[in-house]
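Quick notes on the structure that follows.
Chain letters run A, B, ... following the sequence lines, proteins first and then strands; every chain starts at 1.
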Amino acid sequence: MRTIEQYLPDHPFFAGLGADAMSLVGGCAANVSFAADEFLFREGEPADRFFVIRRGRVAIEVHAPAAGTVVLDTADAGDIVGWSWLVPPYRWLFDARAVEATGAVTFDGRCLRDKCEEDPRMGYELTRRVIQVMSDRLVASRVRLLDLYGAAGAGHAAPR
Amino acid sequence: MVPRPFRLVGRRQDTTDTFTVLLEPTEGDPLGFVPGQFTMLSAFGVGEVPVSVSGAAHVAGPLQHTVRDVGAVTHALSRASVGDVLGVRGPYGTGWDVAHGHGKDVVFVAGGIGLAPLRPAVLEVLSHRDRYRRVVVLYGTRSPDDLLFADSLADWQGQGVELLVTVDYGPPSWAGRVGLVTTLIPRAGFDPKYTLAFVCGPEVMMRRSAMALVERGVTPDSIRVSLERNMRCGVGLCGHCQFRELFICVDGPVLSYARVAGLLGYREV
Ligand SMILES: Cc1cc2nc3c(=O)[nH]c(=O)nc-3n(C[C@H](O)[C@H](O)[C@H](O)COP(=O)(O)OP(=O)(O)OC[C@H]3O[C@@H](n4cnc5c(N)ncnc54)[C@H](O)[C@@H]3O)c2cc1C
């Protein structure tokens, strides 16, 4: 497996960040692994990290008393998990659970936030990238609100 | 325009709201069709609806339709049992032009019941596997309980199809993907420059899938979509399914995305 320094610059999230910024970001990164069913984080905990998944699969889920636990999204190799580290109050809004044995690069959010404060140019670049992740999630949530394949969907179906 | 009587010789409940009927003509020749075509299927005394053929075109056997029970006619069809007689007109419409994919990668993107109209095209490609390069099936549906043709899917994988499945919502026991079918497009192994793509599902899903394919580098004229607008006569006479200059029942349902990109999302007339 490639080292963090080798892996990160090729990842689309970091592409074009520049060598200096890349080494700052790399300084806040570490490899981590999770066994199946181990949690990366739980709702309500301080959000002080984010993850780039290198292998395996992570389920983003929420527990609702009536519906039980629902998986809202999954993240596979290459996906980014977590943006709450950049947005006050810096708390996780969902649970993230490894569905299978999972390897990831984790980034220390507090360390990154401090570096972003010191270097606004890098802060802007990183924020822009996180906004892309958030935007993708927002669009996916909105499309799923349409329940395209369901009884009330805009597909073939209509409410009875 | 008079429906031919077909006898129900088999029936399968695929999911809670979707079922498959197997039909044979009470007399005369079986129905020939090309993948992607539909028939006007009637429950006598209730009405008739357009439904795509979901079985193989290249092997003899009963006519197969996979139907989602959404309203009056589809509900009446869902109540039919083996031995009952249904009406069939057709086949009508344009098909999936899989032969244009010879020598290329072929990518099928299905959403929900949209896998049913695509199934004959996948089967056609697999019956001449050596004529194509990679075969990719990307399938998104509502939940693991709504997955159609589970046996076929496993079989296709056994024949070297790259199959990626995702659902909108999953229970924690679901180890597969959760997310939109569009998220599978950047992940699948195909060469966008040498790809012919077939997309079928709800219109919003087709629109976004086509956009994601274009973003990956597939040209709009190498993408086919199936516009399943409401239709009545099936033969281009009544105008019920007219969509600007197109009569979907005869010009479609399968159309090139290059031709209809501007029409997708256009409200029903
Ligand atoms: C070319 C073509 C191929 C089709 N193939 C299949 C298929 O393989 N399997 C399948 O289950 N269905 C298919 N459909 C859709 C099917 O024709 C409709 O679900 C059916 O007409 C509904 O009739 P109904 O009387 O049961 O419901 P209705 O009471 O008429 O309608 C119930 C609801 O479904 C909506 N609806 C009706 N027709 C359509 C449509 N074409 N597209 C989107 N929403 C619609 C109506 O607006 C209404 O809200 C196809 C449609 C077309 C045009």
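- Listed by first then second residue, pairs satisfying disulfide bond (SG atoms under 2.5 Å apart) with a partner in residues 22-109 of chain A read A/Cys28-A/Cys111, not counting sequence neighbours.
- If you measure heavy-atom distances from A/Ala67 to chain B, you find no contacts under 4.5 Å at all.
- Residue A/Arg128 qualifies as enclosed at atom CZ: its count of foreign heavy atoms under 6.0 Å is above 12.
- Heavy-atom distances place no part of A/Ala59 under 4.5 Å from chain B, backbone and side chain included.
- With a threshold of 4.5 angstrom between heavy atoms, B/Pro171 approaches chain A through N, CA, C or O but not through any side-chain atom.
- Figure legend: cation-pi geometry between A/Arg49 and A/Phe41 absent, as NZ or CZ is not positioned both under 6.0 Å from the six-membered ring centre and within 45° of its axis.
- When A/Val99, A/Asp76, A/Val139, A/Val70 are compared by the number of non-hydrogen pairs under 4.5 Å with chain B, A/Asp76 comes out ahead.
- Using a 4.5 Å cut-off between heavy atoms, B/Val67 does not touch chain A at all.
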Under 3.5 Å donor-acceptor pairs involving side-chain atoms of residues 11-18 of chain A, not counting sequence neighbours:
| from | atom 1 | to | atom 2 | distance (Å) |
| --- | --- | --- | --- | --- |
| A/His11 | ND1 | A/Phe13 | N | 2.9 |
| A/His11 | NE2 | A/Gly78 | O | 2.6 |

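- Contacts between A/Arg97 and chain B at a heavy-atom distance below 4.5 Å involve the side chain alone, from C-beta outward.
- A salt bridge is defined here as a Lys NZ or Arg NE, NH1 or NH2 lying under 4.0 Å from an Asp or Glu carboxylate O, and B/Arg68 with B/Asp146 fails to meet this definition.
- Proximity to chain B is limited to the side chain of A/Arg57, based on heavy atoms less than 4.5 angstrom apart.
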